[in-house]
Novice: 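Just dropping this structure here.
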Amino acid sequence: MTSRELILGRLRATLGPSPTTPAEVARDYRPAGGAVDLDVLVHRLTDYRATVHRCSDDEVAQVVDAVLGGRRVVVPPGLPRHWLPDTVEVLTDDDLPRDQVDAADGVVTAAAVAVAETGTVILDAGPAQGRRVITLLPDVHICVLRTDQVVGGVPDALARLDPDRPLTWVSGPSATSDIELNRVEGVHGPRRLHVVIVPG
């Protein structure tokens, strides 16, 4: 008898006979249907160092102007044009090369859903959200979110999302820590995140 066989034999003797049916897995975790608290979302986003703006749909262009006026902005093809002021140079992402996306000062997108409990905004690459790369390379991301897209918890968000779509989950600006635990922003995505909340 080899050492391997000896050790495995002792393990089998200790564990006893194998069960004939798999153990029942508890499925009593929290389901979808949680309460939506917009103030919790705003608090979480602010805590993650995102800037939150609350305005009407017609005032989004004013927010974009205040943040990115006079600069170059990448937008997905399906973004509502009334969100963009005349003061920005618009680059529509019809498969723009990465160097052009990287050279832009910011990006303006919509969102798919947001989770109040975690302060997370989720994009699913829809026509008004675009490719993931356009939300990662520019220094500033302005994301417009309707109040009817806000859900209470993660189970509620998953119930609304298509798992076959490419999902990007954003909780504040990109941030990491160096070896001395100093926070560094903008390494893996936008350094500044602005979330514009409009009535749904």
Side-chain angles (χ1 to χ4, degrees), residues 41-42 44-46 48-115 119-150 157 160-162 164-176 183-200:
L41 174 67
V42 171
R44 297 277 194 273
L45 287 168
T46 304
Y48 296 149
R49 300 187 185 182
T51 303
V52 179
H53 309 265
R54 294 173 90 164
C55 64
S56 70
D57 187 75
D58 294 334
E59 295 170 322
V60 172
Q62 295 173 29
V63 174
V64 174
D65 179 45
V67 176
L68 288 169
R71 294 193 267 173
R72 200 171 14 195
V73 177
V74 176
V75 300
L79 190 81
R81 294 298 165 165
H82 71 275
W83 288 352
L84 302 171
D86 295 334
T87 57
V88 296
E89 179 187 341
V90 177
L91 300 173
T92 302
D93 180 40
D94 292 321
D95 213 17
L96 288 170
R98 288 186 183 207
D99 60 337
Q100 287 188 36
V101 176
D102 190 34
D105 299 299
V107 59
V108 181
T109 71
V113 67
V115 182
T120 305
V121 178
I122 306 167
L123 289 76
D124 68 1
Q129 299 160 54
R131 299 182 298 156
R132 185 169 189 254
V133 68
I134 69 171
T135 66
L136 295 178
L137 294 180
D139 190 52
V140 179
H141 181 188
I142 299 177
C143 185
V144 182
L145 175 70
R146 296 190 325 267
T147 53
D148 61 0
Q149 293 176 305
V150 180
R160 287 194 185 193
L161 294 167
D162 180 352
D164 294 327
R165 295 192 63 80
L167 302 176
T168 303
W169 297 57
V170 179
S171 294
S174 167
T176 189
R183 181 181 170 101
V184 181
E185 296 179 347
V187 177
H188 307 295
R191 189 169 51 89
R192 294 190 295 145
L193 173 66
H194 292 259
V195 179
V196 184
I197 301 175
V198 300

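These numbers were taken from a predicted model, which means no experiment stands behind them.
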Novice: So, E89 side chain and G70 main chain: donor-acceptor pair closer than 3.5 Å or not?
Specialist: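 Not confirmed, E89 side chain does not pair with G70 backbone.
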Novice: Any chance you could lay out the side-chain contact (heavy atoms from CB on, under 4.5 Å) test for V73 and V107, step after step, and finish with the verdict?
Specialist: CA-CA 5 Å; V73 177; V107 59; 5.6 Å; no
Novice: Treating R192 as the side-chain partner and H141 as the backbone partner, does any N or O pair qualify as donor plus acceptor under 3.5 Å?
Specialist: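 No, R192 side chain to H141 backbone: no donor-acceptor pair under 3.5 Å.
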Novice: Could you go step by step and tell me if W83 and V75 meet the side-chain contact (heavy atoms from CB on, under 4.5 Å) rule?
Specialist: CA-CA 10 Å; W83 288 352; V75 300; over 6 Å; no
Novice: Could you list the residues that satisfy salt bridge (Lys or Arg N to Asp or Glu O under 4.0 Å) with R146, not counting sequence neighbours?
Specialist: D148
Novice: Check each of V108, L84, V74, L79 against V90 using the side chain to side chain contact (heavy atoms under 4.5 Å, CB included) test, and report the only one that passes.
Specialist: L84
Novice: To the nearest 0.5 Å, how far apart are CH2 in W169 and CG in L123?
Specialist: 11.5 Å
Novice: Grab the two heavy atoms, one from G78 and one from A128, that are nearest each other, plus how far apart they are.
Specialist: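 Looks like O-CB, 3.6 Å.
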Novice: Enumerate donor-acceptor pairs with a distance under 3.5 Å from any side-chain N or O in residues 97-105 to protein atoms, sequence neighbours excluded.
Specialist:
unit_1, atom_1, unit_2, atom_2, d
D105, OD2, R72, N, 2.9

Novice: If I compare all heavy atoms of A111 with all of C143, which pair ends up nearest, and what's the gap?
Specialist: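 For A111 and C143, the tightest heavy-atom pair comes out as CB-SG, 3.7 Å.
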Novice: In Å and rounded to the nearest 0.5 Å, what is the CG to CG distance from L45 to L193?
Specialist: 7.0 Å
Novice: Report the C-alpha distance between V170 and I122 in whole Å, list the side-chain angles of each, state the deciding distance to 0.1 Å, and finish with yes or no for side-chain contact (heavy atoms from CB on, under 4.5 Å).
Specialist: CA-CA 6 Å; V170 179; I122 306 167; over 6 Å; no
Novice: Quick test of your reading: applying side chain to side chain donor-acceptor pair (under 3.5 Å), list the pairs with at least one residue in residues 120-134, sequence neighbours left out, ordered by first then second residue.
Specialist: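 Checked against side chain to side chain donor-acceptor pair (under 3.5 Å) - neighbours excluded - the pairs reaching residues 120-134 are D93-R131, D95-R131, T118-T120, T120-S171, D124-Q129, R132-T168.
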Novice: Measure the spacing between CZ of R44 and CG of L41 and express it to the nearest 0.5 Å.
Specialist: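 With rounding to 0.5 Å, CZ (R44) is 9.5 Å from CG (L41).
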Novice: Can you sort out the partners of R54 under salt bridge (Lys or Arg N to Asp or Glu O under 4.0 Å), two or more places apart, ordered by chain and number?
Specialist: D39
Novice: Which pair of non-hydrogen atoms, one from R165 and one from A125, has the smallest distance, and what is that distance?
Specialist: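 Nearest heavy atoms, R165 then A125: NH2-O, 3.0 Å.
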Novice: Any side-chain heavy atom of I134 within less than 4.5 Å of one from P76?
Specialist: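 I134 reaches P76 side chain to side chain.
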Novice: Do V198 and S56 make a side-chain contact, defined as non-hydrogen atoms from C-beta onward lying under 4.5 Å apart?
Specialist: no
Novice: Might you work through the side-chain contact (heavy atoms from CB on, under 4.5 Å) test for T92 and R81, ending with a clear yes or no?
Specialist: CA-CA 11 Å; T92 302; R81 294 298 165 165; 3.1 Å; yes
Novice: Give me the atom names and distance for the closest heavy-atom approach of V196 to V63.
Specialist: CG2-CG1, 3.8 Å
Novice: Which residues pass the side chain to side chain contact (heavy atoms under 4.5 Å, CB included) test with P85, not counting sequence neighbours?
Specialist: A61, V64, D65, T87, V88
Novice: Could you note down all residue pairs passing ring pair (Phe, Tyr, Trp, His ring centres under 6.0 Å) where residues 50-69 supplies at least one of them, sequence neighbours left out?
Specialist: H53-H194
Novice: Out of I142, V144, L145, which residue meets the side chain to side chain contact (heavy atoms under 4.5 Å, CB included) rule with V195?
Specialist: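 Considering I142, V144, L145, a side chain to side chain contact (heavy atoms under 4.5 Å, CB included) with V195 is found only for L145.
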